[in-house]
Amino acid sequence: MIAPPASEVELLTRAHALAGLTLDALAGQLEEILPTAGLHAKGWIGTLLENALGADAGARPMPDFTQLGVELKSIPVGADGQPRESTFVCTAPVIVPPAMQWENSTVHDKLRRVLWIPIESGAQKFGARRIGWGFLWSPTPEQDTVLRYDWQELIDLIALGQWTQITARLGRYLQLRPKAAHGRTLRAAVDDSGTPNQTLPRGFYLRATFTHEILAAHLRAAHRQ
DNA sequence: GCGTGATCATCT
DNA sequence: AGATGATCACGC
């Protein structure tokens, strides 16, 4: 158990010390056992990085580094450097509190400041994947505007109980997708006529097209240095 | 069961 | 091939 970093600089320094390491190497340092690749490894890399960097949020719905307000996201990238998957942000509420606004939403909380750490993905053996160069990101004003708009559109559908209208096709940067152990998971909700019912729990995700934009912008900025 | 960490598998 | 909908593992 490593203490949480005291500053963003310390966090970034820790992250950069991991760059170039394979998962095998980092797991060895932390005395953690590599999972068998593929199906049963979902989420394992993210947890490994949390442990390596001193994240302290656990499973609470708040940024991983609670004192810094920084969220950690590992992101699988192909040989081309492009994200291979969408990025889970947080669970979506099923009952929307009347006072809920973008500014006090969990999505906003988590995306306000993110430490992105690219992870090699692709055909190689799981343990041979290398950790990339992490970088801190905050939404630009333009990105924040789109995120806010997406969030409002999606949260309105939930608040109005219009579950049948909800699809992953909605949202430019943010989308809603199922987030559950399996398809039979149900959550108490209210439908669009105000009648209590049940619905599949969903989560907010960032589209890969958006995270691609984030990574590309970072690389352009880094090249100018 | 719920929220965290995500990726898998199917459809278009 | 890319996006959508479904699923896997862990801690509490």
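In the text below, chain A, chain B and the rest are named by the order of the sequence lines, each starting its count at 1.
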Undergrad: Who passes side-chain contact (heavy atoms from CB on, under 4.5 Å) against A:Glu31, sequence neighbours left out?
TA: none

Undergrad: Examine the base of B:dT7 for any acceptor or donor lying under 3.5 Å from a partner atom in the side chain of A:Arg177, and report the outcome as yes or no.
TA: yes

Undergrad: Using whole Å, report how far CD of A:Glu85 lies from P of B:dA6.
TA: 12 Å

Undergrad: Just the rounded figure in Å: distance from C1' of B:dT7 to CD1 of A:Ile119.
TA: 14 Å

Undergrad: Which donor-acceptor pairs under 3.5 Å do side chains of residues 180-191 of chain A form with protein atoms, sequence neighbours excluded?
TA:
{"unit_1": "A:His182", "atom_1": "ND1", "unit_2": "A:Arg184", "atom_2": "N", "d": "3.1"}
{"unit_1": "A:Thr185", "atom_1": "OG1", "unit_2": "A:His182", "atom_2": "O", "d": "3.0"}
{"unit_1": "A:Asp191", "atom_1": "OD1", "unit_2": "A:Ser193", "atom_2": "N", "d": "2.8"}
{"unit_1": "A:Asp191", "atom_1": "OD1", "unit_2": "A:Ser193", "atom_2": "OG", "d": "2.9"}
{"unit_1": "A:Asp191", "atom_1": "OD1", "unit_2": "A:Gly194", "atom_2": "N", "d": "3.1"}
{"unit_1": "A:Asp191", "atom_1": "OD1", "unit_2": "A:Thr195", "atom_2": "N", "d": "3.0"}

Undergrad: Pull out every residue in residues 94-115 of chain A that has a heavy atom closer than 4.0 Å to any atom of DNA chain B, ordered by number, or say none.
TA: A:Lys110

Undergrad: In whole Å, I'd like the distance from the CZ atom of A:Arg84 to the P atom of C:dA1.
TA: 10 Å

Undergrad: How close or far is atom C1' of B:dT7 from atom CG of A:Leu206, stated in whole angstroms?
TA: 15 Å

Undergrad: Are the side chain of A:Asp64 and the backbone of A:Leu72 linked by a donor-acceptor contact shorter than 3.5 Å?
TA: yes

Undergrad: NA contact type, A:Ser74, heavy-atom cut-off 4.0 Å: base, sugar-phosphate, or nothing?
TA: sugar-phosphate

Undergrad: Rounded to whole angstroms, how far apart are CD1 on A:Ile166 and C1' on C:dT4?
TA: 15 Å

Undergrad: Can you tell me if the side-chain N/O atoms of A:Arg207 get under 4.0 Å from OP1 or OP2 in C:dA3?
TA: no

Undergrad: Return the set of residues passing side-chain contact (heavy atoms from CB on, under 4.5 Å) with A:Leu21 (not counting sequence neighbours), or none when no residue passes.
TA: A:Leu18, A:Ala25, A:Leu26, A:Gln29, A:Ile131

Undergrad: Between CG of A:Asp24 and CZ of A:Phe126, what distance do you get to the nearest 0.5 Å?
TA: 9.5 Å

Undergrad: For A:Pro76, which contact category applies under a 4.0 Å heavy-atom criterion: base, sugar-phosphate, or nothing?
TA: sugar-phosphate

Undergrad: For a quick check of understanding: with a heavy-atom distance under 4.0 Å over all strands, which category does A:Gln82 fall into, base, sugar-phosphate or nothing?
TA: nothing

Undergrad: Could you work out, with salt bridge (charged side-chain N to carboxylate O under 4.0 Å, His left out) as the rule, every residue matching A:Arg148, not counting sequence neighbours?
TA: A:Glu103, A:Asp144

Undergrad: Find the distance A:Leu174:CG to C:dA3:C1' and express it as a whole number of Å.
TA: 16 Å

Undergrad: Please report, rounded to the nearest Å, how far the P atom of B:dG5 is from the CG atom of A:Leu49.
TA: 12 Å

Undergrad: One character per nucleotide, please: for nucleotides 7-12 of chain C, 5' to 3', B when the base has a protein heavy atom closer than 4.0 Å, S when only the sugar-phosphate does, - otherwise.
TA: BBS---

Undergrad: Quick one: which protein N/O atoms are closer than 3.5 Å to N/O atoms of nucleotides 10-12 of chain B? Pair and distance per line, please.
TA:
none

Undergrad: Could you note down all residue pairs passing ring pair (Phe, Tyr, Trp, His ring centres under 6.0 Å) where residues 1-27 of chain A supplies at least one of them, sequence neighbours left out?
TA: A:His16-A:Trp133

Undergrad: Which donor-acceptor pairs under 3.5 Å do side chains of residues 45-53 of chain A form with protein atoms, sequence neighbours excluded?
TA:
{"unit_1": "A:Thr47", "atom_1": "OG1", "unit_2": "A:Gly43", "atom_2": "O", "d": "3.1"}
{"unit_1": "A:Asn51", "atom_1": "ND2", "unit_2": "A:Glu32", "atom_2": "OE2", "d": "2.9"}
{"unit_1": "A:Asn51", "atom_1": "ND2", "unit_2": "A:Thr47", "atom_2": "O", "d": "3.4"}

Undergrad: Could you give the side-chain donor-acceptor pairs of residues 151-158 of chain A under 3.5 Å, partners two or more places apart or in another chain?
TA:
{"unit_1": "A:Gln152", "atom_1": "NE2", "unit_2": "A:Asp156", "atom_2": "OD1", "d": "3.0"}

Undergrad: Considering only side-chain heavy atoms of A:Cys90, which listed nucleotide, C:dA3, B:dT4, B:dG5, is closest?
TA: B:dT4

Undergrad: Examine C:dT4: is either OP1 or OP2 under 4.0 Å from a nitrogen or oxygen in the side chain of A:Gln175? Give yes or no.
TA: yes

Undergrad: Is the backbone N or O of A:Gln162 less than 3.5 Å from a side-chain atom of A:Asp192, with the two atoms forming a donor-acceptor pair by type?
TA: no

Undergrad: May I ask you to say what A:Thr87 touches in the nucleic acid, namely base, sugar-phosphate or nothing, with a heavy-atom cut-off under 4.0 Å?
TA: nothing

Undergrad: When the side chains of residues 74-97 of chain A are checked against the rest of the protein, which donor-acceptor pairs come out under 3.5 Å, sequence neighbours left out?
TA:
{"unit_1": "A:Asp80", "atom_1": "OD1", "unit_2": "A:Gln82", "atom_2": "N", "d": "3.0"}
{"unit_1": "A:Ser86", "atom_1": "OG", "unit_2": "A:Arg177", "atom_2": "NH1", "d": "3.0"}
{"unit_1": "A:Ser86", "atom_1": "OG", "unit_2": "A:Arg177", "atom_2": "NH2", "d": "3.1"}

Undergrad: Which whole-number value in Å describes the distance from A:Phe65 CZ to B:dT4 P?
TA: 16 Å

Undergrad: Among residues two or more places apart or on two chains, list those pairs meeting salt bridge (Lys or Arg N to Asp or Glu O under 4.0 Å) that have a residue in residues 200-225 of chain A.
TA: none

